[in-house]
Asker: 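Supplied in structure tokens, the structure appears directly below.
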2 protein chains.
Amino acid sequence: MSNAFVRHLSGYGHLDDTEKALLAGACRNLRELPAGAHLIREGDEPDPVFVILEGWACGYKILPDGGRQIISFMLPGDFCDIHIAILQAIDHSIMTLTKATVASLPRAEMEALIQARPMLTQAFWWSQLVDQSISRSWIVSMGRRKSVERVAHLMCELYIRMRNIGLASDHECRMPLTQLVLADALGLTPVHVNRVLRSLKAAKVMELSHGSLQILEPEKLAQIAGFDGNYLHERVHGFV
Amino acid sequence: MSNAFVRHLSGYGHLDDTEKALLAGACRNLRELPAGAHLIREGDEPDPVFVILEGWACGYKILPDGGRQIISFMLPGDFCDIHIAILQAIDHSIMTLTKATVASLPRAEMEALIQARPMLTQAFWWSQLVDQSISRSWIVSMGRRKSVERVAHLMCELYIRMRNIGLASDHECRMPLTQLVLADALGLTPVHVNRVLRSLKAAKVMELSHGSLQILEPEKLAQIAGFDGNYLHERVHGFV
DNA sequence: TGCCCCACGTGATTTGGATCAATATGCGCT
DNA sequence: AGCGCATATTGATCCAAATCACGTGGGGCA
């Protein structure tokens, strides 16, 4: 399990082996969850931080009118709810999108680790900066891109993230998102997401089906998306 | 200047006086800039972090088609481009929205401070978490809220942030945003922002004019916005 | 084997906000 | 005082995406 964790540990490349081992060793309570299980639900008591070892999850908020907006995707190696654990305020829920293996890192362990190894605080901070960049690129998508461009952009982002943790082969990777999930992430309706996906397939640019993505014309896709992957650092380079 | 800085230093309430003084003391090169001046422009060489002492600034990205999306607002006491300084990648520009007084915190100073005082790293991290919450609430707005709701939500956010740094009086504060800026932040057109503002004024809910905001019916506004300010922590409570 | 549920697919219609097109209005500068 | 530019206002028209309505197909389960 440590292995799976350390292998995928993204954004933490500047940690030394001792620190990675400490982090991995502090994880408790390894569990396998089905798709659609909640790690955290608005209104729960916050406590541990979750780490995803296998599978995908997403964070989302529900609006007064019942609408759902997905605000983040979490892939293997990602920490799930640092926000919630640190700020002690649950302002969103987290749900698995696939069968997933997760471990929890109890608050007390995390505090102790951070005290012992200041470098870990930096690692969390930097990882947070990457997440922030992703959020901001979503803002740009939602604010200024049309539906096809949004879909294309998200596919680019997720493909690169999968590649960065070694889970993508050549222009192809697992992409376990239903059209409904995609719609809730992109601020569109499932109906319209469907039409967009068909048009991208018809244009032989990319195809998303049976939970996997095939990029047929990478340059074309990136161009439609206006995608510049610079904000997705495979690892954050230390500045100390 | 230290005074102005420390007074507004938001999200850093758990720092002790020594640390606040260190931070303030490390700032160099105090300057007054006119409205519309760039602190950082995509393509520049990254180096110092900027701190805003007086005035407002915003971060934005320009799209291939020339469109602009504003991704953040920076108020007095905010650090401007930690992203850029740390990740060493300039993926957005930062511009003043008003006449502003800024200081710079050179990278070298910042490194030294962080080394000397691990608590500062935590402060930056936590502050980052608050920023992230703001970004996520923007994603929700852009994805699932209609134009009036978006405008209302942004006004609520900015009013509370101003209040948190002591710059708002009772349901009234400075809000130096043109309708064009508002449009670029909310993913709308200036024309439509205009109509929304007039309708809110006609409904006697709020009024935005001459660079200042008056909230006439706070509950009504919050209700329209679906606003829950829990994510805007005046200060982050330590978890160590 | 058949039923049900959930994800996907597709047409017809509606609508929120964009776009286009003119004016106004205020404000710094000479 | 008056010119000139940036910002605000308002109407008419257009269009991307929502909404509504219905059909399809596969996979788990009794």
Side-chain angles (χ1 to χ4, degrees), chain A residues 34-36 56 58 63 65-70 95-99 141-154 174-203 206-213 224, chain B residues 34-37 56 58 63 65-70 95-99 141-154 175-203 206-213 224:
Chain A
W56 288 40
C58 71
L63 285 120
D65 71 357
R68 177 173 75 148
Q69 178 64 48
I70 290 176
M95 196 183 87
T96 54
L97 289 168
T98 64
K99 198 168 62 148
S141 272
M142 316 271 287
R144 291 283 171 232
R145 285 197 252 259
K146 308 204 173 292
S147 54
V148 206
E149 301 166 340
R150 288 190 214 179
V151 170
H153 197 275
L154 183 60
R174 192 157 143 57
M175 185 70 55
L177 306 175
T178 65
Q179 295 179 355
L180 175 62
V181 167
L182 229 33
D184 284 347
L186 296 169
L188 301 169
T189 54
V191 181
H192 199 245
V193 166
N194 182 291
R195 291 193 234 269
V196 168
L197 288 176
R198 324 228 85 238
S199 84
L200 282 167
K201 180 178 176 180
M206 52 154 279
E207 189 176 342
L208 179 61
S209 57
H210 309 294
S212 71
L213 170 74
I224 292 172
Chain B
W56 288 41
C58 72
L63 284 120
D65 70 359
R68 176 173 75 148
Q69 178 64 47
I70 290 177
M95 196 184 87
T96 55
L97 289 168
T98 64
K99 199 169 63 149
S141 272
M142 316 272 286
R144 291 282 172 234
R145 284 197 252 259
K146 307 203 176 293
S147 54
V148 206
E149 301 165 341
R150 286 190 215 180
V151 170
H153 197 276
L154 183 59
M175 186 70 56
L177 306 175
T178 65
Q179 295 180 355
L180 175 62
V181 167
L182 230 33
D184 284 347
L186 296 168
L188 301 168
T189 53
V191 181
H192 199 244
V193 165
N194 182 292
R195 291 193 233 268
V196 167
L197 288 177
R198 323 228 85 239
S199 84
L200 283 167
K201 179 178 175 180
M206 52 154 279
E207 189 176 342
L208 179 62
S209 58
H210 309 293
S212 71
L213 171 73
I224 292 172

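In what follows, every chain begins at residue 1, and chains take the letters A, B, ... in the order their sequences are listed.
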Asker: Return the set of residues passing salt bridge (Lys or Arg N to Asp or Glu O under 4.0 Å) with B/K146 (not counting sequence neighbours), or none when no residue passes.
Answerer: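 Not a single residue meets the salt bridge (Lys or Arg N to Asp or Glu O under 4.0 Å) criterion with B/K146.
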
Asker: Between atom CG of B/D65 and atom CD of A/E149, what is the distance when rounded to the nearest 0.5 Å?
Answerer: 7.5 Å

Asker: Residues in side chain to side chain donor-acceptor pair (under 3.5 Å) with B/R68, at least two apart?
Answerer: B/D184

Asker: Side-chain atoms of residues 190-203 of chain B: list all donor-acceptor pairs with protein atoms under 3.5 Å, sequence neighbours left out, distances to 0.1 Å.
Answerer:
unit_1 : atom_1 : unit_2 : atom_2 : d
B/N194 : ND2    : B/Q179 : OE1    : 3.0
B/S199 : OG     : B/V196 : O      : 2.9

Asker: Heavy atoms only: give me the nearest B/V151-B/L186 pair and the separation to one decimal.
Answerer: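 Minimum heavy-atom separation between B/V151 and B/L186: CG2-CD1, 3.6 Å.
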
Asker: Checking A/E207 side chain against A/L213 main chain: does a donor-acceptor pair fall under 3.5 Å?
Answerer: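 Absent.
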
Asker: Minimum heavy-atom separation for A/M175 to A/W56, with atom names?
Answerer: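 Closest approach of A/M175 to A/W56: SD-CH2, 3.7 Å.
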
Asker: Have a look at the helix from C/dT1-D/dA30 to C/dT30-D/dA1 and give the angle its two end axes make, five pairs each, rounded to 10 degrees.
Answerer: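 The helix from C/dT1-D/dA30 to C/dT30-D/dA1 shows an end-to-end axis angle of 40°.
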
Asker: Taking heavy atoms of chain A and a 4.0 Å limit, find me the 5'-most and 3'-most nucleotide of DNA chain C within that range.
Answerer: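 Endpoints of the contacted stretch of DNA chain C: C/dC8 to C/dA12.
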
Asker: Nearest 0.5 angstrom please: A/T189 OG1 to A/L180 CG, how far?
Answerer: 10.5 Å

Asker: Taking A/R150 for the side chain and A/R144 for the main chain, is one N or O donor matched with an acceptor at less than 3.5 Å?
Answerer: no

Asker: What are the two closest heavy atoms between A/S147 and A/L188, and how far apart are they?
Answerer: CB-CD1, 3.8 Å

Asker: Here's a test for you: under side-chain contact (heavy atoms from CB on, under 4.5 Å), which of A/V181, A/L177, A/L97 qualifies with A/C58?
Answerer: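 Of all the options given, the one that passes is A/L97.
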
Asker: Could you state the atom-to-atom distance from CE of B/M175 to C1' of D/dT7 in whole Å?
Answerer: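 Nearest whole value for this atom pair: 18 Å.
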
Asker: For A/S212, give me all partners under side chain to side chain contact (heavy atoms under 4.5 Å, CB included), at least two apart in sequence or on another chain.
Answerer: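 Residues passing side chain to side chain contact (heavy atoms under 4.5 Å, CB included) with A/S212: none at all.
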
Asker: Examine D/dA8: is either OP1 or OP2 under 4.0 Å from a nitrogen or oxygen in the side chain of B/N194? Give yes or no.
Answerer: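 It does not, given that no N or O in the side chain of B/N194 lies less than 4.0 Å from OP1 or OP2 of D/dA8.
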
Asker: When you measure from every atom of DNA chain C, which of residues 176-184 of chain A have a heavy atom less than 4.0 Å away?
Answerer: A/T178, A/Q179

Asker: For A/S147 and D/dA17, is the shortest distance between a side-chain N/O and OP1 or OP2 below 4.0 Å?
Answerer: yes

Asker: Going by the rule side chain to side chain donor-acceptor pair (under 3.5 Å), which residues pair with B/T96 if we only count those two or more places apart in sequence or in a different chain?
Answerer: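 Counting only residues at least two positions away or on another chain, B/T96 forms no side chain to side chain donor-acceptor pair (under 3.5 Å).
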
Asker: Below 3.5 Å between N/O atoms, which protein atoms pair up with nucleotides 18-28 of chain D? Just atom names and distances, please.
Answerer:
unit_1 : atom_1 : unit_2 : atom_2 : d
D/dA18 : OP1    : A/T189 : N      : 3.2
D/dA18 : OP2    : A/T189 : N      : 3.2
D/dA18 : OP2    : A/T189 : OG1    : 2.8
D/dT19 : O4     : A/R195 : NH2    : 3.3

